[in-house]
Amino acid sequence: QVQLVESGGGLVQAGGSLRLSCAASGRTSSRYAMGWFRQAPGKEREFVAAINWSGATTSYADSTKGRCTISRDNAKNTVYLQMSRLKPEDAAVYYCAARYSAGYFPTTTKNEYNYWGQGTQVTVSS
């Protein structure tokens, strides 16, 4: 089992930046890919970014590519999502997810992730 706790959400003006963190605990000795997803009211949960177990490869949604950077510190069991040039349409609850995988490329499919955090709210004012 892996427990995930997100932090770093909040209110930011359009054009601003935020860094989200996701701390993992539990069975963290295994290799696992990490992803960030988001869900706005009335919408499906959608992929934002993912990183493989070692941090060697990343993947981004087209809507966030160039504005977001996912990274991880395996010594701290933490994954980060640095977001910049935020837009009102980026407002959502952001979820961290983990999937046991030693693969080179991280999956972008939410149904393939095994563990989820409770989410952190990001609000962007225009």
* Asked: How would you list all residue pairs meeting salt bridge (Lys or Arg N to Asp or Glu O under 4.0 Å) that involve residues 6-32, not counting sequence neighbours?
  -> none
* To do: Decide yes or no for T57 and P106: does some side-chain heavy atom of the first lie under 4.5 Å from some side-chain heavy atom of the second?
  => yes
* To do: Look at the side chain of T109 and the backbone N and O of N111, then say whether any donor-acceptor pair between them is shorter than 3.5 Å.
  => no
* Asked: Listed by chain and number, what are the side chain to side chain donor-acceptor pair (under 3.5 Å) partners of Q39, not counting sequence neighbours?
  -> R45
* Any pair counted as side chain to side chain donor-acceptor pair (under 3.5 Å), so long as it reaches residues 78-87, sequence neighbours left out -> none
* **salt bridge (Lys or Arg N to Asp or Glu O under 4.0 Å) contacts touching residues 88-97 (sequence neighbours left out)** => R38-D90, R67-D90
* Might you work through the side chain to side chain contact (heavy atoms under 4.5 Å, CB included) test for E46 and K110, ending with a clear yes or no? => CA-CA 8 Å; E46 64 175 5; K110 64 178 181 283; over 6 Å; no
* Do N52 side-chain atoms and Y104 backbone N/O form a donor-acceptor pair below 3.5 Å? -> yes
* Apart from M34 itself, what residues make up its hydrophobic cluster when side-chain heavy atoms of I, L, V, M, F, W and Y under 4.5 Å apart count as a link, directly or indirectly? -> V2, L4, V12, L18, L20, Y32, W36, V48, I51, Y60, I70, V79, L81, M83, L86, Y94, Y100, Y115, V122, V124
* Structure fact -> Here the pair of heavy atoms bringing W53 nearest to G103 is CD1-O, 3.5 Å
* Asked: Which heavy atom in A91 sits nearest to a heavy atom in A40, and how many Å separate them?
  -> O-CB, 3.8 Å
* Asked: Transitive ILVMFWY cluster of W116 at side-chain heavy atoms under 4.5 Å: who else is in it?
  -> F37, F47, V93, Y95, Y113
* Cut-off 3.5 Å, side chains only: do T107 and E112 have a donor facing an acceptor? -> yes
